[in-house]
Every structure is written in structure tokens, then in C-alpha cells.
Amino acid sequence: MATTYNPYDDMIAVLDTAAGMLNIEEKEYCTFRAPERELKVSVPVQMDDGSVRVFEGYRVQHSSIRGPFKGGIRFHHEVDMDEVKALSAWMTLKCAVVNIPYGGGKGAVKVDPSELSQAEIERLTRGYTKMISPIIGPEQDIPAPDVNTNAQVMGWIMDTYSTLKGYSAPGVVTGKPIEIGGALGRREATGRGVMIATNEAIQRMNLNNGADIRIAIQGMGNVGSIAAQLLHESGHKIVAVNDVTGGLYNPAGLDIPSILAHLATSPTHALAGYTEPGASSITNAELLTCECDVLAPCALQNQITEANAKDVKAKLVVEGANGPTTVEADKILTERGVTVIPDILANAGGVVVSYFEWVQNLQHLRWDEEKTNESLNKIMLQSFHEVDEARKQHNTTFRMGAYMVALERLVKVKRIRGLA
């Protein structure tokens, strides 16, 4: 990540523009320009060889005005406080867009988990949980999986927090294993939301026009792989995929079931070593600018930039990742007539089903997967419609429409509660 890029500055720039277009005075929304709380912790971990390493961790709580803080925890060697601040703010906006009673939070540990054993990751997770335990809880702040974390990591957090409290507290995290209170459908939820947003955008833009839709997906982690599977099952042609080990392109369409089987059985769960007839290797840069109708960046932030936005060939960009498009790139794409479905709408499926999981935990209930998916579909389509209406009313982009919907809801609650 370039040192000059600050994702939090991008968030504020778009927020200020949305406020200006809605004629909202700065005093009405200035509290949303800064997080309520930023926590930085040091986490000592005994390594398998007996040595001790100290890892840097973060938890940022952006806004609790609409409900408890909600947001994932990522393990990544390039993460920093500005990134976590931006992610927490986007969570506040995302929860407001889909109108669920949460505020935004985010957490991270600066670590490359591929360099750690499973036992070391467990000790790191439990140590980090102890350090942030004073500010999390089912009624206060509910973490979830994010980049390089998963259901098992959430299970360790839930167990550590429960041990500290002296009672079982499944509602402290979402995205847990099903056996300890996880929700059926939660693992697929973010990717399913990307699929719903993509199909709705394709329909509203009349993109297919009788022809096959060609989709390129950057990132084959949890979000990208599920989106690829569901979009393939929807009848679309997935022409390009990649991960940190490389990428594949086939203009005739890739064999997605075969790729998913390889990812499931590979010791590294990576694309490395996979080949198929008609597919050629491509770099990450080539995937972002390949011949396709839809581009779904589902990896990390800062992928479509001022440097490559002019070369993006897709007519539609659906942001499966958080912050994959910079402010400068967004302007270039808009000028070129490329439609962008923003992260705070497109990838909101995860937090919606996290909300369902949390509700089930608090009420000691278990929904079936069909109910979960039907409820997710209803909320995503309703939210898409509301953002589209705001976009049309103000003659602007989907991103600005989403920020407007979110900001109006946040400011309205602030007025009702009489907060400064």
C-alpha cells in the first residue's frame, strides 16, 4: 500500500460531498468525521520455538448512534490505524444503508498469518481478545471475520471472552461456527450480497441485452469465491479470477466448479498450480483491466487507482472489497460512464446476516438457511432500490446515492436523540 494513500481521507472526502449535496450543515454531521474511540494494543505471543513476539493490534469504534458497534477483525501485515479507521467508518455507513441497528467498528492485528502456525494464531487471537475485551460485548461491540480471519478465529474470541466473563456469551461475535451459535448462511452472506447487487445492477442497466455477461473477479477468498460460484450458477460467464498466487483468464469462461474444488483441496487453498484448457495466466494488474462487462474487486482497498482507472474495460464495477476504488479513480470511472456499485451497498450482505446471527443469539433461536437467504435478499433489494432512487433524485452516482441514504439516516437519529 502506497504511503501517500490514506483511505480515511477518501471516506471524509465522499462524506463531505454527500453532505454538501444534501445541504446538511457541518455541525449536523461533523461527529461522523471522527471515530468515537481508537484503541491500540500490544499483544505478546509465545511462539512455537519458545521466543516471544509482540504484535500491534487495533480496535476502532466509529459511531454508536444507531446501535452497538459492529465490524470485522483482520489479520494483515500491512494494516495500520488509518486503514482500520476507514473500515470502521464504512461500517457505520454500510449499516445505515441497509438500515440495521448497528454502528461501525473494526479491528486488526498487524501480522502475516501465513508465517504463523495454527497454534500461534490461536494464542495471538486469545491475547488480542483479552486486550480489547473491556470495550467489546454483545450490547457494546460485536466483532466478525474479515481478511485472513474465519469462523475458527471467531470461536476462539467467543471462548476467550466467555472465560473472562464467567458465562457463555455467543453474541459477542458473529461469523462463528454453527455448533456454537453461528448462523446458517453467514459464511456465504457477503458473496451472496455481491451476487444480488450484481444481478440487480445488470438488470437495471440492461447490460446483457441477450448476450452472456462476462465477469472478472479479483480475489478468491471467502467473498470472491462465493460470488464467483453464485454468479456462475446465475448463468454468467466468469472470465477471470485471481488471488495472491496468480490469476487466470479465459474469454470463453472459466470452469468455476473445478477452480473451487482445487481451492478446497489445495494445501494452501490458493490458485497456484491450477490449470485448465483455454485459460491463460494473468497478473493482478491485467485482471483489473481485462476484457469484461463486470469487474468485481473482492480483495483489498486501493486497487482501482488514478493510474489504472482509465484502462478499466468493464461497464460495471461491483465493490466486493472495502474501499477498492480511490476517490480519484472514482471520478475517472464516472467520467468514462462506468457504473460503480459501492462497497457500503454491494458487500453489505455479511453485516446483514451478522445481524441475523446476533438476533438469534440474543433470542436463543436458530433460523433455517432458507429464511436467512430470503431475508437477506429482501433487505439487499430494498436497499439497492433506495440508493438508486436517491441517485436519480440528485442526478449523481450510486456511491453518492448510498452515502446520502446513510448520512440522512445518521443525521436524523442524531436529531431525534438530541446529540451534539
In terms of heavy-atom contacts, Pro177 and Ala151 come closest through CD-O, 3.1 Å

Do any N or O atoms from the side chain of Thr305 and from the backbone of Ala307 form a donor-acceptor pair under 3.5 angstrom? yes

Looking only at the side chains, is there a donor atom on one of Tyr274 and Ser266 sitting less than 3.5 Å from an acceptor on the other? no

In short, Met47 meets Leu116 closest at the heavy-atom pair CE-CG, 4.1 Å

Assess the side chains of Asp146 and His76: does a donor N or O sit below 3.5 Å from an acceptor N or O? no

Atom OG1 in Thr174, atom CD in Gln360: separation rounded to 0.5 Å? 11.0 Å

Atom of Leu248, atom of Leu254 and distance for their closest heavy-atom approach: O-CD1, 3.9 Å

For Asp343 and Asn322, which I'm curious about, is there any donor-acceptor pair between the side chains at under 3.5 Å? no

Against the six-membered ring of Trp367, is Lys371 placed for a cation-pi contact (under 6.0 Å from the centre, within 45° of the normal)? yes

For residues Pro138 and Val172, report the shortest heavy-atom separation together with the two atoms involved. CG-N, 3.8 Å

State plainly whether the residues Arg126 and Glu122 are in salt-bridge range, i.e. N to O under 4.0 Å. yes

His62 side-chain N/O to Pro35 backbone N/O, donor-acceptor pair under 3.5 Å: no

So do the side chains of Ser42 and Glu56 get within less than 4.5 Å of each other, counting heavy atoms only? no

Between Tyr102 and Tyr355, how do the two ring planes meet: parallel, tilted or perpendicular, split at 30° and 60°? perpendicular

Does a donor on one side chain and an acceptor on the other come within less than 3.5 Å for Glu319 and Thr325? yes

Sidechain N-carboxylate O distance under 4.0 Å for Asp80, Lys110: no

Nearest 0.5 Å, what's the CE-OG1 distance between Met154 and Thr125? 7.5 Å

Using side chain to side chain donor-acceptor pair (under 3.5 Å), reason through His269 and Asp243 one step at a time and then give a plain yes or no. CA-CA 10 Å; His269 301 292; Asp243 64 13; over 6 Å; no

Does this structure show an ion pair linking Lys331 with Glu306, if we count only N-O contacts that are shorter than 4.0 Å? no

Quick one, Pro68 and Trp358 - any side-chain contact, counting heavy atoms below 4.5 Å? yes

So how far is it from Asn347 CG to Ile341 CD1, rounded to the nearest 0.5 Å? 12.5 Å

If you compare all heavy atoms of Val173 against all heavy atoms of Met158, which two are closest, and at what distance to 0.1 Å? CG2-CB, 3.9 Å

Taking side chain as C-beta onward, heavy atoms only, is Met21 less than 4.5 Å from Met404? yes

Is it the case that more than 12 heavy atoms not belonging to Lys310 sit under 6.0 Å from its NZ atom? yes

Say you draw a straight line from CD1 of Ile157 to OG of Ser162; how long is it, rounded to the nearest 0.5 Å? 11.5 Å

Whether the side chain of Asn308 engages the backbone of Gln303 through a donor-acceptor N/O pair (distance < 3.5 Å, no angle test) should be reported. yes

Within the 6.0 Å centroid threshold, strictly below: Phe398 and Phe384: yes

Between Asp112 (side chain only) and His77 (backbone N and O only), is there a donor and an acceptor less than 3.5 Å apart? no

Taking Lys70 for the side chain and Ile142 for the main chain, is one N or O donor matched with an acceptor at less than 3.5 Å? yes

Please assess Arg74 against Glu83 for the test salt bridge (charged side-chain N to carboxylate O under 4.0 Å, His left out), listing each intermediate value before the final yes or no. CA-CA 11 Å; Arg74 63 176 49 184; Glu83 178 180 323; 2.7 Å; yes

Charged N to carboxylate O below 4.0 Å: is that the case for Asp141 and Arg59? yes

Give a yes or no answer on whether the side chain of Glu115 reaches the backbone of Pro113 with a donor-acceptor pair at less than 3.5 Å. no

Side chain to side chain donor-acceptor pair (under 3.5 Å) between Ser64 and Glu36: does it pass, once the steps are laid out? CA-CA 8 Å; Ser64 60; Glu36 290 181 18; 3.0 Å; yes

Do Asp293 and Lys237 pass the salt bridge (charged side-chain N to carboxylate O under 4.0 Å, His left out) test, and can you show the C-alpha distance, the side-chain angles, and the key distance before you say yes or no? CA-CA 10 Å; Asp293 303 301; Lys237 188 184 293 184; over 6 Å; no

Candidate pair Tyr29 and Asp16, rule side chain to side chain donor-acceptor pair (under 3.5 Å), full reasoning: CA-CA 9 Å; Tyr29 80 96; Asp16 287 346; 2.7 Å; yes

dist Met220:CE -> Ile226:CD1 (nearest 0.5 Å) comes out at 9.0 Å

Compare all side-chain heavy atoms of Asp388 with those of Lys392 and state whether any distance is below 4.5 angstrom. yes

Mark yes or no for whether His262, through its side chain, and Ala270, through its backbone, hold a donor-acceptor pair below 3.5 Å. yes

Answer yes when Glu386 and Arg391 have at least one side-chain N-carboxylate O distance shorter than 4.0 Å, and no when they do not. no

Check whether Tyr8 forms a cation-pi arrangement with Lys85 (NZ or CZ under 6.0 Å from the six-membered ring centre, at most 45° off the ring normal). yes

Return yes if some donor-acceptor pair links the side-chain N/O of Arg192 with the main-chain N/O of Gly349 below 3.5 Å, else return no. no

May I ask you to decide whether Arg204 forms a salt bridge with Glu200, counting only side-chain N to carboxylate O separations under 4.0 Å? yes

Worked check of side chain to side chain contact (heavy atoms under 4.5 Å, CB included) between Glu26 and Cys30: CA-CA 5 Å; Glu26 185 176 354; Cys30 62; 4.0 Å; yes

Arg399/Asp330 ion pair, N-O < 4.0 Å: yes

Using 0.5 Å steps for rounding, measure from the OG1 atom of Thr326 to the OH atom of Tyr5. 7.0 Å

Using atom types as modelled and distance alone, determine if a side-chain donor or acceptor of Asn373 lies under 3.5 Å from a backbone N or O of Gly185. no

What are the two closest non-hydrogen atoms of Cys298 and Ile217, and how far apart are they? SG-CG2, 4.2 Å

Using a 4.5 Å cut-off on heavy atoms from C-beta on, say whether the side chain of Phe69 contacts that of Thr92. no

Steps toward side chain to side chain donor-acceptor pair (under 3.5 Å) verdict (Arg186, Ser354): CA-CA 7 Å; Arg186 172 61 185 88; Ser354 276; 2.9 Å; yes

Distance-only, no hydrogens or angles: does the Thr245 side chain make a donor-acceptor pair with backbone N or O of Ala272 under 3.5 Å? yes

